[in-house]
Amino acid sequence: MSEPLISNSPRGMTQEIFDVVNERDEVVGRQTRSEVHRLGLLHRAVHVLVFNSRGEVFLQQRSMFKDRQPGLWDSSASGHLDCGENYDTCAVRETREELGLELQAAPLRLFKLAASPETDQEHLWVYRCQAEGPFSLCPDEIQRGDWFTPQTVTRWMQERPQEFGSALLVIWQRMIREFL
């Protein structure tokens with residue numbers, strides 16, 4: 001398992017180091033999280049959608065302390081890949097860190113999205129798994145979460161898209177077109 005690389009910033013704070021990738025998702029360098037976002041560099045992330053046995057999806061409202069899209073509703077779990085980490089390992093790690101959900105194997109891969117402004121310049125894999133909860137939400141990452149029917153999510157996105165993370169809006173359109 002890869003370890004997140006950490007850098008000391010001028011203010012004495014530590015920062016994650018991300019792999020920087022090209023349009024083909026090939027690693028071309030490394031940079032701090034803040035510089036990757038400030039410069040709009042291409043990088044990698046995962047989104048995991050957790051469904052229960054009733055077909056409802058668990059969505060999280062991002063913490064107001066997040067540096068990107070604070071307070072917006074997002075996938076069940078999501079996050080950046082650590083340097084050298086693969087997508088599947090990251091999906092397992094993020095569900096554990098954000099939801100307290102221990103997966104024994106990588107969830108089902110659904111599709112990959114190329115980096116774009118809508119994905120915040122992230123190449124991302126979207127995964128799906130099933131769990132019933134309850135979850136142990138990480139307060140640094142998640143303000144709150146709840147279960148929603150796909151119809152409720154679709155209607156909510158149509159009426160108030162500004163309440164959702166930009167990548168989830170793209171992900172959900174593809175989900176309803178291909179999987180729901």
Side-chain angles (χ1 to χ4, degrees), residues 4-5 7 9 13 15-50 57-91 93-95 97-98 107-128 138 140-143 145 148 150 152-180:
L5 294 175
S7 168
S9 72
M13 298 171 57
Q15 285 197 58
E16 296 169 276
I17 305 291
F18 292 164
D19 285 332
V20 175
V21 297
N22 62 20
E23 63 282 346
R24 292 181 306 280
D25 196 15
E26 300 164 332
V27 176
V28 296
R30 291 181 172 167
Q31 191 54 264
T32 63
R33 175 190 181 104
S34 62
E35 285 298 288
V36 164
H37 287 145
R38 185 181 73 77
L39 298 171
L41 301 175
L42 304 184
H43 55 294
R44 295 171 167 166
V46 298
H47 281 248
V48 181
L49 296 170
V50 179
V57 64
F58 185 85
L59 297 182
Q60 61 157 288
Q61 187 177 25
R62 295 170 60 84
S63 165
M64 292 305 291
F65 301 108
K66 297 293 286 179
D67 64 335
R68 308 296 281 188
Q69 303 184 10
L72 298 183
W73 286 89
D74 208 348
S75 299
S76 309
S78 62
H80 296 102
L81 276 67
D82 291 336
C83 277
E85 186 175 38
N86 68 50
Y87 285 99
D88 290 353
T89 302
C90 182
R93 177 177 55 78
E94 287 294 340
T95 56
E97 290 177 0
E98 293 191 359
L108 175 66
R109 276 187 175 197
L110 295 180
F111 55 87
K112 186 176 183 183
L113 294 175
S116 69
E118 293 78 22
T119 66
D120 205 16
Q121 302 305 337
E122 297 168 351
H123 287 284
L124 60 89
W125 265 101
V126 177
Y127 294 81
R128 178 182 181 144
C138 176
D140 293 338
E141 302 279 340
I142 301 173
Q143 186 170 316
F148 302 94
T152 298
V153 174
T154 301
R155 186 173 50 254
W156 184 8
M157 286 182 172
Q158 291 168 345
E159 294 171 0
R160 297 184 310 280
Q162 70 278 7
E163 294 181 8
F164 293 90
S166 58
L168 181 58
L169 291 169
V170 176
I171 290 166
W172 196 255
Q173 287 305 308
R174 186 149 173 197
M175 285 295 295
I176 60 175
R177 193 172 58 247
E178 296 180 20
F179 299 99
L180 299 176

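Values reported hereafter were calculated over all heavy atoms of this structure, with side chains retained and with hydrogens, waters and symmetry mates removed. Heads up: numbering here begins at 1 and tracks the sequence.
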For this session: Quick one: list whatever passes ring pair (Phe, Tyr, Trp, His ring centres under 6.0 Å) with His47, sequence neighbours left out.
Result: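 Ring pair (Phe, Tyr, Trp, His ring centres under 6.0 Å) check on His47 returns nothing, list empty.
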Does [Y] offer a backbone N or O that forms a donor-acceptor pair with the side chain of [X] under 3.5 Å?
X     : Y      : result
Arg30 : Ile17  : no
Gln61 : Gly71  : yes
Tyr87 : Leu81  : no
Gln69 : Ser166 : yes

For this session: Would you check, one step at a time, whether the test side-chain contact (heavy atoms from CB on, under 4.5 Å) holds for Asp140 with Phe65?
Result: CA-CA 7 Å; Asp140 293 338; Phe65 301 108; over 6 Å; no
Problem set entry | Trp156 and Phe148 aromatic centres sub-6.0 Å | yes
For this session: Please assess Val36 against His80 for the test side-chain contact (heavy atoms from CB on, under 4.5 Å), listing each intermediate value before the final yes or no.
Result: CA-CA 11 Å; Val36 164; His80 296 102; over 6 Å; no
For this session: Supply the atom-to-atom distance Leu49 CG to Phe58 CZ, rounded to the nearest 0.5 angstrom.
Result: 12.0 Å
Exercise. Hey, what do you get for CD1 (Ile171) to CD1 (Ile176), rounding to the nearest 0.5 Å?
Worked result: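 Ile171 CD1 to Ile176 CD1: 13.0 Å, rounded to 0.5 Å.
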Exercise. Does CZ in Phe179 sit with more than 12 non-hydrogen atoms of other residues, nucleotides or ligands closer than 6.0 Å?
Worked result: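 It does: Phe179 CZ has more than 12 such atoms within range.
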For this session: Please assess Arg62 against Arg68 for the test side-chain contact (heavy atoms from CB on, under 4.5 Å), listing each intermediate value before the final yes or no.
Result: CA-CA 9 Å; Arg62 295 170 60 84; Arg68 308 296 281 188; 4.1 Å; yes
Problem set entry | side-chain contact (heavy atoms from CB on, under 4.5 Å) between Cys138 and Glu97, worked out | CA-CA 7 Å; Cys138 176; Glu97 290 177 0; over 6 Å; no
